[in-house]
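The structure under discussion appears below in the form of structure tokens.
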Amino acid sequence: MAKTISAPRGTRDLLPEETAAWSHVEAVARDLSRRYALERIEIPLFERVELFARGLGESSDAVEKEMFRVAGAKGSEEEAAPWALRPEPTAGIARAFIEHGMHVRPGPLRLTMIGPMFRYDRPQAGRYRQFVQWDVEVIGDAGPAVDAELIELGHRFYAEAGLRDVVARINSIGDSTCRPAYRDALIAYFSEHAGRLGPDSARRLHVNPLRVLDDKTLPDDLAAGAPRGIDHLCDACREHFDGLRGLLDALGVRYEVDHRLVRGLDYYTRTAFEYYVAGREGQQQALGGGGRYDGLIELLGGRPTPGIGFGLGLDRTILALEEAGWTPPAGQALVAVLGAGDDHGRRLAIAAELRATGIAVRPDGSTRKLGKQIESAAKAGAAWALIVGEDGALALRDLERGEQRDSVTLGEVRAAISG
RNA sequence: GUGGCCUUAGCUCAAUCGGCAGAGCAUCGGAUUGUGGCUCCGAAGGUUACGGGUUCAAGCCCCGUAGGCCACCCCA
């Protein structure tokens, strides 16, 4: 046998028995997209590295160590890999928004997509190099109402998918007015305790001091004593955050304020949020997250436009569903068409006629003995076997009950199956 | 990117001290002269992840590589 090839590290195949959960979760996302009046958008799987570097921030982990680079063909100008597979969709959507002059459309724009993202990270359960997100972005609305609407939407998604006890953690990290002062306050505080910071935090302290808060090796007393973002908000940000909390309370969304939540991407302003299953074990716990990015579009060369969005990890949602014991609903009744003779033309014609009326049909193309054909149909999950006799007569067998009706017409078959 | 544990048939796992690579499930076939599920019988399925080393002899000991998992890092 020739040498075999396995899937690339951090990727996986979804086999037929695993895809029911995916169909379910995707269907929930699509139906919510319709009910929340979101329009579908699609963007490339790869973009220029510069887009991510400018958009997400040079010091973000996604850019600093997880860029999944794409090289051009050998000898081409692009061989040096100026592209990377998208680690998240927001930068690409912002790029498309600017490139196509979408600011002239009646706003705010409400956009959605489902697709794979790529991060060159070391794989672990729930963490893959290729993973799928359901993404929602609302561009052109600065108010807290849309923040609340999206946080409620994410919460509803988990509930309708079948996950109980999902809680949203929210925080406000300020904007260009108040964040500089907060940064300075953090730098001043942590500089006093520089000796107690780990190497990553020491390096980040002056590049991106907010992310020091995210460091889980930070001693608890040091974290507790750190200046809190919400104490340094300017009046406008304060009002925005208070407004959001009031709206979430009114909607009855379950949330907690988490002062250490800062998010790993630099483009976020004001509202940041993540979803967790309350009390769930394991490390890859964040099911999804998002936030406001009021400066991103301007940063990428567009006119100043506010935006907010989230990305929900479908792989992790499904993992959590499986842990919670989710089982797929029964599929529609499947009919196997089989027979004693070798008149496959007749079997295919019958199958086509039933399919035209919406029935799922699995014809048996073999000349195996009838018992084997029935056994095979039952194992494939067929509820019914339509047996074409050598004399041409049809018999309908209920494979679950083991009952059989002889000399049936196709009309009677349709009635029996749909009834 | 760091550290640790693991890898034997499609799946779940055995294999005593280093001494002939096995079982259950699943698959295919037969018993059953064309009507499934139960039962019995049989077949097929392996370079023991890959590459080297030690040894008369390696699934087992040593080194390397790959992959998976766990804890970090971080996030989805």
Side-chain angles (χ1 to χ4, degrees), chain A residues 1-12 15 17 56 59-67 86-90 114-135 154 198-201 203-204 211 214-218 261-265 272 274-277 281-291 310-320 336 338-342 364 366-391 395-404 406:
Chain A
M1 282 214 303
K3 199 172 172 182
T4 59
I5 297 169
S6 53
R9 185 175 200 192
T11 69
R12 60 209 176 119
L15 304 184
E17 61 271 22
L56 317 191
S59 69
S60 67
D61 273 20
V63 170
E64 195 174 63
K65 55 182 222 189
E66 296 168 4
M67 272 288 120
R86 61 189 187 193
E88 58 88 60
T90 307
I114 296 175
M117 307 297 155
F118 304 85
R119 292 184 201 175
Y120 196 83
D121 200 357
R122 190 154 159 181
Q124 215 168 304
R127 189 172 73 186
Y128 308 100
R129 288 183 172 180
Q130 175 178 333
F131 57 97
V132 176
Q133 282 189 350
W134 176 39
D135 184 68
D200 283 337
S201 287
R203 182 173 50 80
R204 283 189 187 127
R211 297 202 57 217
D214 222 11
D215 184 346
K216 286 164 188 71
T217 66
L218 201 60
L261 174 65
V262 299
R263 304 285 297 157
L265 308 179
E274 291 180 355
Y275 295 98
Y276 291 83
V277 176
E281 296 297 317
Q283 284 306 300
Q284 269 61 49
Q285 289 187 59
L287 295 175
F310 64 57
L312 307 188
L314 300 192
D315 305 77
R316 288 185 184 176
T317 300
I318 287 161
L319 208 57
L338 41 85
D342 56 0
D364 192 314
S366 76
T367 51
R368 293 181 291 183
K369 54 202 280 188
L370 201 50
K372 290 293 178 189
Q373 293 187 44
I374 292 174
E375 188 177 348
S376 167
K379 280 178 182 166
W384 307 85
L386 185 57
I387 302 164
V388 183
E390 266 180 312
D391 56 0
L396 183 64
R397 184 172 182 82
D398 182 329
L399 292 175
E400 278 145 31
R401 298 184 186 188
E403 294 166 2
Q404 185 165 326
D406 293 321

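Just so it is clear, the structure is predicted and the values come from calculations on it, not from any experiment. Labels below follow one simple rule: chain letters A, B, ... track the order of the sequence lines, proteins then strands, and each chain is numbered from 1.
The distance from atom CG of A:Asp364 to atom P of B:G36 is 15 Å, rounded to the nearest whole Å. Counting to the nearest Å, the P atom of B:C74 and the CZ atom of A:Arg316 are 14 Å from each other. Distance CD (A:Gln124) to C1' (B:C70): 6 Å, rounded to an integer number of Å.
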Distance-only donor-acceptor pairs under 3.5 Å for side chains of residues 384-391 of chain A, two or more places apart:
unit_1	atom_1	unit_2	atom_2	d
A:Asp391	OD1	A:Ala393	N	3.0

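Going from the P atom of B:G22 to that of B:G59 covers 13 Å, rounded to whole Å. Comparing the P positions of B:C56 and B:A23 gives an interatomic distance of 32 Å, to the nearest angstrom. Comparing B:G51 with B:G19, their C1' atoms sit 25 Å apart, to the nearest whole Å. Taking atom P in both B:U35 and B:G29, the straight-line distance is 16 Å, to the nearest Å. Remark: the separation of the C1' atoms in B:U39 and B:G46 is 30 Å, to the nearest Å. Nucleotides B:G68 and B:C60 place their P atoms 23 Å apart, quoted to the nearest Å.
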Could you list all N or O pairs between the protein and nucleotides 3-7 of chain B that sit under 3.5 Å apart?
unit_1	atom_1	unit_2	atom_2	d
B:G3	O6	A:Arg122	NH2	2.9
B:G4	O6	A:Arg122	NH2	3.4

Tabulate atom names and distances for all N/O pairs under 3.5 angstrom spanning the protein and nucleotides 25-30 of chain B.
none

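Residue A:Ile387 is in base contact, counting any heavy-atom pair closer than 4.0 Å across all strands shown. Counting non-hydrogen atoms under 4.0 angstrom, A:Asp61 reaches the backbone sugars and phosphates but no base. Heavy atoms of A:Gly402 sit under 4.0 angstrom from at least one base atom. Within 4.0 Å of A:Glu88, counting heavy atoms only, lies no atom of the nucleic acid at all. Among the protein residues, A:Glu400 comes within range of the nucleic acid bases, having at least one heavy atom under 4.0 Å from a base atom. Note on A:Asp342: nothing from the nucleic acid sits closer than 4.0 angstrom, heavy atoms only. Nucleic acid contact for A:Gly10: sugar-phosphate only, since backbone atoms but no base atoms lie under 4.0 Å from a heavy atom of the residue.
You'll find that the side chain of A:Pro123 is closest to B:G68, out of B:G68, B:A76, B:C72. Side-chain proximity of A:Gln404 to B:G1, B:U35, B:G34: nearest is B:U35.
Judged by distance alone, the side chain of A:Ser376 and the main-chain N or O of A:Lys372 form no donor-acceptor pair under 3.5 Å. In this structure, A:Glu400 contributes its side chain and A:Ala383 its backbone to no donor-acceptor pair below 3.5 Å. Remark: the backbone N or O of A:Gly288 is not paired with any side-chain donor or acceptor of A:Arg316 at under 3.5 angstrom. Side chain of A:Arg119 to main chain of A:Pro87: a donor-acceptor pair is present (N/O by atom type, distance under 3.5 Å, no hydrogens or angles). A donor-acceptor pair under 3.5 Å is absent between the side-chain atoms of A:Glu88 and the main chain of A:Met117, judged by distance alone.
Remark: A:Phe310 engages A:Trp134 in a ring pair (Phe, Tyr, Trp, His ring centres under 6.0 Å) (not counting sequence neighbours).
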Watson-Crick or G-U pairs under 3.5 Å in RNA chain B, rendered as dot-bracket with [ ] for crossing pairs and | for another strand: (((((((..((((.....[..)))).(((((.......))))).....(((((..]....))))))))))))....

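On a pure distance criterion of 3.5 Å, no polar donor-acceptor pair joins the side chain of A:Arg127 and the base of B:C69.
Side-chain N/O atoms of A:Gln373 include none lying less than 4.0 angstrom from OP1 or OP2 on B:G34. Under 4.0 angstrom from either OP1 or OP2 of B:A66 there lies no side-chain N or O belonging to A:Arg9.
Applying the salt bridge (Lys or Arg N to Asp or Glu O under 4.0 Å) test to residues at least two apart or on different chains, the pairs with a partner in residues 375-388 of chain A are A:Glu375-A:Lys379.
Cation-pi geometry between A:Arg129 and A:Phe118 is not met at under 6.0 angstrom from the ring centre and within 45 degrees of the axis.
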